[in-house]
Enquirer: 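The following block contains the structure, expressed as structure tokens.
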Amino acid sequence: MAYLEIQNVGKVFNTAGGRTFEALKGVNLQIEEGEFISVIGHSGCGKSTLLNLVAGLYPMSSGRIMVDGSLVTEAGPDRMVAFQNHSLLPWLTVRQNIELAVKAVHKNLSETERKALVDEHLAMVNLNAAADKKPGQISGGMKQRVGIARALVTQPKVLLLDEPFGALDALTRGRLQEQLLKIWEAHRITVMMITHDVEEALLLSDRIVMMCNGPSARVGEIMTVELPRPRTRMEVINNPNYYRQRNELLYFLNKAKKEKATGTKVPVSKVRVGASNGLEKQTLELGFVSLSDCAPLAIAQEKGFFTKHGLTVNLSKETSWKTLLQGILEDRLDAAQMVAGMPLGQTLGIFNKTPTTIVTAMTLSRNGNAITLSRKFHDLGVRSAKGLKNYLDSNPGAKELTFGMVYPSSMHNILLRYWLASAGIDPDKDVNLVVIPPAQMVANLQAGNIDGYCVGEPWNSRAIHEGLGFVPATSLDILPGHAEKVLGMKETWAEANPKTHVALVKALLEACQFCDQPENRDEVIQIVARKAYTNADPIYSSMGLSGSYNYGFGRAAQVPDFNVFFKNHANFSTRSEKLWVLTQMARWGLVMFPRNWEEVIERVYRLDVYRQACHDLSFAVPEANYQSFTLPDGSVLDPNDPIGYINSFAIKHEVTISDMKLKPRLLTVA
Amino acid sequence: MTTTNDTITTPISVPEEKSSQQFKEIADRASYVLLPALALGLFLVVWQLLSGTGITGTLPGPLEILQDTDTQRLIREPFFIDDANAKGLGWQLLASLQRVALGYSLAAVVGVSLGVLIGSVRVFRLALDPIFQIFRTIPPLAWLPIALAILRDGPSGGIFVIFITAVWPIIINTAVGVQATPQDYKNVASVLKLSNTTYFFQILLPSAASYIFTGLRIAVGLAWLAIVAAEMLTGGTGIGFFIWDSYNSSRIGDIVVAVIYVGLVGFILDRAVYYAGKLLVASE
């Protein structure tokens with residue numbers, strides 16, 4: 001259990017006229033000890049309500065909050081608050097204000113010990129000179145510092161900051177933020193801060209919690225701030241992650257604002273229409289990320305395959321794989337096009353997050369990725385991973401190289417790591433890997449924030465056409481025929497909507513078949529290039545999809561299998577390839593390797609649904625066997641000894657092996 | 001042509017404006033003293049003239065009052081004692097002030113306590129507030145017979161009247177002040193889990209202090225009003241009794257002097273409470 005655990009918390013206020021107002025609904029949040037968390041959102045999103053609930057200033061309507069294992073029932077100094085309007089007592093001096101807190105909380109201290117404690121905290125916020133002044137005689141910034149000192153002096157388990165700098169002018173605010181940063185980095189107490197200032201949140205926090213707009217507000221997204229500590233403002237604003245994350249935050253806030261203005265919220269329809277075709281749910285919200293290989297979804301929509309199978313689908317273009325996954329987890333999306341490792345990763349609890357069983361019944365596409373390196377390497381004569389290794393060896397003092405990939409459990413991460421490691425480059429030690437949404441790769445390469453990336457089209461093709469880089473390897477060079485995108489959804493959704501699930505798989509199978517017929521490819525290219533999908537010039541999206549590929553700087557080739565959607569049972573996952581993905585995620589420490597891996601794989605890959613869909617469509621289904629699996633570099637995965645296979649790699653992360661306790665499957669709701 | 005004229009006249013007009021502004025300031029300050037003095041002088045002249053015509057009955061004019069040797073002694077020697085029934089005005093005032101001090105202190109203690117109680121406990125507020133609202137409109141002297149019936153003693157009766165007159169504004173203002181304690185301070189108290197006594201002395205009282213002092217100030221004025229009336233009825237000592245006694249012995253000039261003293265003391269009491277409040281109440 002986390003240090004501060006907010007579980008399914010809701011708050012309903014009674015308003016005038018006997019009406020009620022639901023400020024918060026189903027808020028879940030885990031904060032670790034020593035973590036600095038910011039909660040950000042528009043006014044009225046319930047963020048201050050959340051803080052007051054943690055503080056215990058008023059009771060919650062549902063759910064519970066635990067701090068260090070004990071239940072929050074009332075206010076107390078273990079969750080001390082630094083209030084927005086400082087709330088100092090005007091009749092007491094600065095010193096007396098702090099003393100009041102010391103006397104109330106540290107009852108056993110002697111007079112001299114108390115005084116020492118007060119002095120220490122006055123010094124911490126540089127206020128010794130003003131100790132005997134009353135709040136009315138000092139500036140707003142100083143008052144806020146007294147408020148923070150008063151909060152810190154109680155030595156709380158969790159420090160709650162309610163927009164601490166909201167009422168200050170910009171200069172004072174900046175100064176106090178840096179002061180708080182220093183104090184926090186020296187003491188590392190657990191902090192939950194409410195703010196509406198994006199820059200402040202990035203500068204100070206480890207993670208940023210974005211609240212959806214109220215009423216019935218909940219946690220929208222959680223962002224991990226990728227800025228090294230100790231931080232200073234100057235270093236932070238020069239870090240490439242800063243602007244990317246700042247934009248992501250602003251994007252979220254703007255989206256929330258628009259939703260509020262137009263009144264559209266949570267598009268998943270909860271209404272279940274009893275239909276003649278027997279589907280549990282006919283209107284679906286499907287998530288995708290704008291890439292050439294979203295083609296099966298685009299085609300199913302545009303060519304009427306969804307409609308044919310009784311489904312009305314709204315395709316929701318997601319800004320990043322993370323947002324897409326969040327949409328699935330909080331039921332905003334029914335299902336989504338996912339990167340191949342996402343169902344396994346989420347089921348196993350990637351990065352020690354709470355596991356949620358995600359299932360997949362079909363593969364939507366194979367191949368389609370490429371690695372782009374900045375043109376500077378081409379100028380230096382680098383052409384392959386080996387060349388890159390030589391460059392690293394001959395320039396030991398050079399700035400660490402940074403590479404972008406789209407999501408930790410994506411094939412891009414696995415392929416990029418595999419490619420680097422094959423040449424003896426340790427992706428964790430020798431270079432730096434960062435998560436960047438596909439559509440932002442080219443801009444980051446151009447800005448010099450990254451030196452290369454692994455992504456699907458049209459985002460390699462963009463860099464090549466603009467002369468920014470070249471492609472040293474594609475999927476076909478590293479692992480030809482790998483599963484790239486899959487149809488994923490929560491297991492609970494699949495259990496509740498089995499017929500709809502089959503119908504969805506059928507519609508997408510037919511769309512995949514359409515995509516792979518050579519005479520249709522031109523139309524596929526045109527459709528995928530539309531604004532609703534990749535919004536890229538067909539010149540870019542044709543690369544790969546058309547079967548010809550430009551590697552940059554004059555090198556081009558015919559690559560008919562760059563994107564595969566249907567042929568050679570492309571939609572069927574062989575058991576060995578699933579196991580291979582699992583071994584690679586374990587190799588890089590993304591997940592633990594489950595001893596009961598067969599059970600996990602059986603649970604995640606829903607062959608029953610795939611078989612049913614193929615049966616209905618009279619498509620053939622190959623036999624599912626664990627066969628040994630050979631890679632182009634000659635390494636062989638023996639399905640009887642996956643752990644031995646992981647250990648055979650020279651470069652790898654520390655691997656954890658343990659049992660995965662899967663939650664029992666829920667019974668299907670009739 | 002006009003431009004040259006302007007440049008010449010402007011520098012000359014500046015010092016003129018300055019001196020006239022200074023004069024204005026001095027005149028403005030002086031008017032605070034001169035105008036009341038003028039009004040007072042005018043009043044005395046009118047009074048003198050009217051008393052000459054006989055319109056004012058037995059009330060003498062200001063000049064006649066000042067010429068009376070006994071009255072002159074009252075003004076010159078506030079603390080003479082001839083015998084138990086003939087003492088200077090200073091002694092009379094002190095006797096009255098003593099009663100006010102007793103009754104008013106009692107009212108302050110009871111008023112603040114009751115005010116805190118009904119301000120912080122809803123049940124008491126609901127039960128008592130309507131009763132207090134009615135009681136506070138009862139004129140002070142109407143309480144006197146009741147007080148005498150209970151206490152059977154003139155001086156104690158006077159103290160009771162002062163108490164009962166002064167207590168209502170203190171209760172009501174304290175209650176309002178307690179209810180107006182900002183939520184912010186209450187939050188601080190609950191987060192720090194302050195004990196009830198600490199909360200009462202460190203937060204509730206200081207926060208309500210400005211309201212309490214408003215109540216105390218209204219109360220001291222009312223108490224002074226009540227004592228004069230009460231002493232006229234109960235007799236014995238005190239400035240009220242002195243006024244009544246002077247009337248009975250037709251020493252109207254003495255009454256005028258005593259009344260002026262009553263006014264001055266009332267004014268000083270009001271100011272005293274005002275400055276005490278200013279000293280004790282923290283301003284944000």
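Throughout, a chain's letter reflects where its sequence line sits, starting with A, and its residues are numbered from 1.
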Enquirer: What's the spacing between Lys107(A) NZ and Ser195(B) OG if we round to 0.5 Å?
Expert: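 So the NZ of Lys107(A) and the OG of Ser195(B) are separated by 7.5 Å.
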
Enquirer: Examine whether an atom of Thr198(B) lies under 4.5 Å from a heavy atom of chain A, and if so say whether it belongs to the side chain, the backbone or both; otherwise answer neither.
Expert: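 Just the side chain, heavy atoms under 4.5 Å.
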
Enquirer: Pick one of side chain, backbone, both or neither for Gln84(A), based on which atoms fall under 4.5 Å of a heavy atom in chain B.
Expert: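 Neither the backbone nor the side chain of Gln84(A) comes within 4.5 Å of chain B.
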
Enquirer: Please identify which of these residues, Val191(B), Asn187(B), Asp184(B), meets the side-chain contact (heavy atoms from CB on, under 4.5 Å) condition with Ser87(A).
Expert: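 For Ser87(A), the side-chain contact (heavy atoms from CB on, under 4.5 Å) check succeeds only for Asp184(B).
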
Enquirer: Is the number of heavy atoms from other residues, nucleotides or ligands within 6.0 Å of CZ (Phe124(B)) greater than 12?
Expert: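 Incorrect, the count does not exceed 12.
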
Enquirer: When heavy-atom pairs shorter than 4.5 Å are enumerated against chain B, which of Gly76(A), Ala55(A), Ala104(A) gives the highest number?
Expert: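 Maximum pair count with chain B is reached by Gly76(A).
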
Enquirer: Please look at Arg150(A) and chain B and tell me whether the side chain, the backbone, both or neither of the residue comes under 4.5 angstrom of a heavy atom of that chain.
Expert: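 Interface part for Arg150(A): side chain.
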
Enquirer: Would you indicate whether Tyr32(B), at its atom OH, is surrounded by more than 12 heavy atoms from other residues, nucleotides or ligands within a distance under 6.0 Å?
Expert: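 No.
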
Enquirer: Would the number of heavy atoms belonging to other residues, nucleotides or ligands and lying under 6.0 Å from CD of Gln98(B) be above 12?
Expert: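 No, not enclosed.
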
Enquirer: Is the number of heavy atoms from other residues, nucleotides or ligands within 6.0 Å of CZ (Phe267(B)) greater than 12?
Expert: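 No - once you tally the heavy atoms of other residues, nucleotides and ligands closer than 6.0 Å, there are 12 at most.
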
Enquirer: Test your reading of the model: is there a side-chain donor-acceptor pair from Trp91(A) to the backbone of Ile203(B), 3.5 Å cut-off?
Expert: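 Such a contact is absent between Trp91(A) side chain and Ile203(B) backbone.
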
Enquirer: Quick check on the interface: out of Leu57(A), Val81(A), Asn52(A), who has the most heavy-atom pairs with chain B under 4.5 Å?
Expert: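 The answer is Leu57(A).
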
Enquirer: Assess whether atom NZ of Lys157(A) is packed by more than 12 heavy atoms of other residues, nucleotides or ligands within 6.0 Å.
Expert: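 Yes, because the 6.0 Å sphere around NZ of Lys157(A) holds more than 12 heavy atoms from other groups.
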
Enquirer: Return the minimal non-hydrogen interatomic distance between Ser190(B) and Ala75(A), and the atom names on each side.
Expert: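 The pair with the smallest heavy-atom distance is O-CB, 3.4 Å.
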
Enquirer: I need the minimum non-hydrogen distance between Gln202(B) and Leu89(A), along with the two atoms involved.
Expert: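 Result for this residue pair: O-CD1, 4.1 Å.
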
Enquirer: For the candidates Leu100(A), Thr154(A), Asp78(A), Leu160(A), which exhibits the highest count of non-hydrogen atom pairs separated by less than 4.5 Å from chain B?
Expert: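 Most heavy-atom pairs under 4.5 Å with chain B: Leu100(A).
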
Enquirer: Heavy-atom distances under 4.5 Å only: say whether Ser207(B) touches chain A with side chain, backbone, both or neither.
Expert: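 Both parts, backbone and side chain.
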
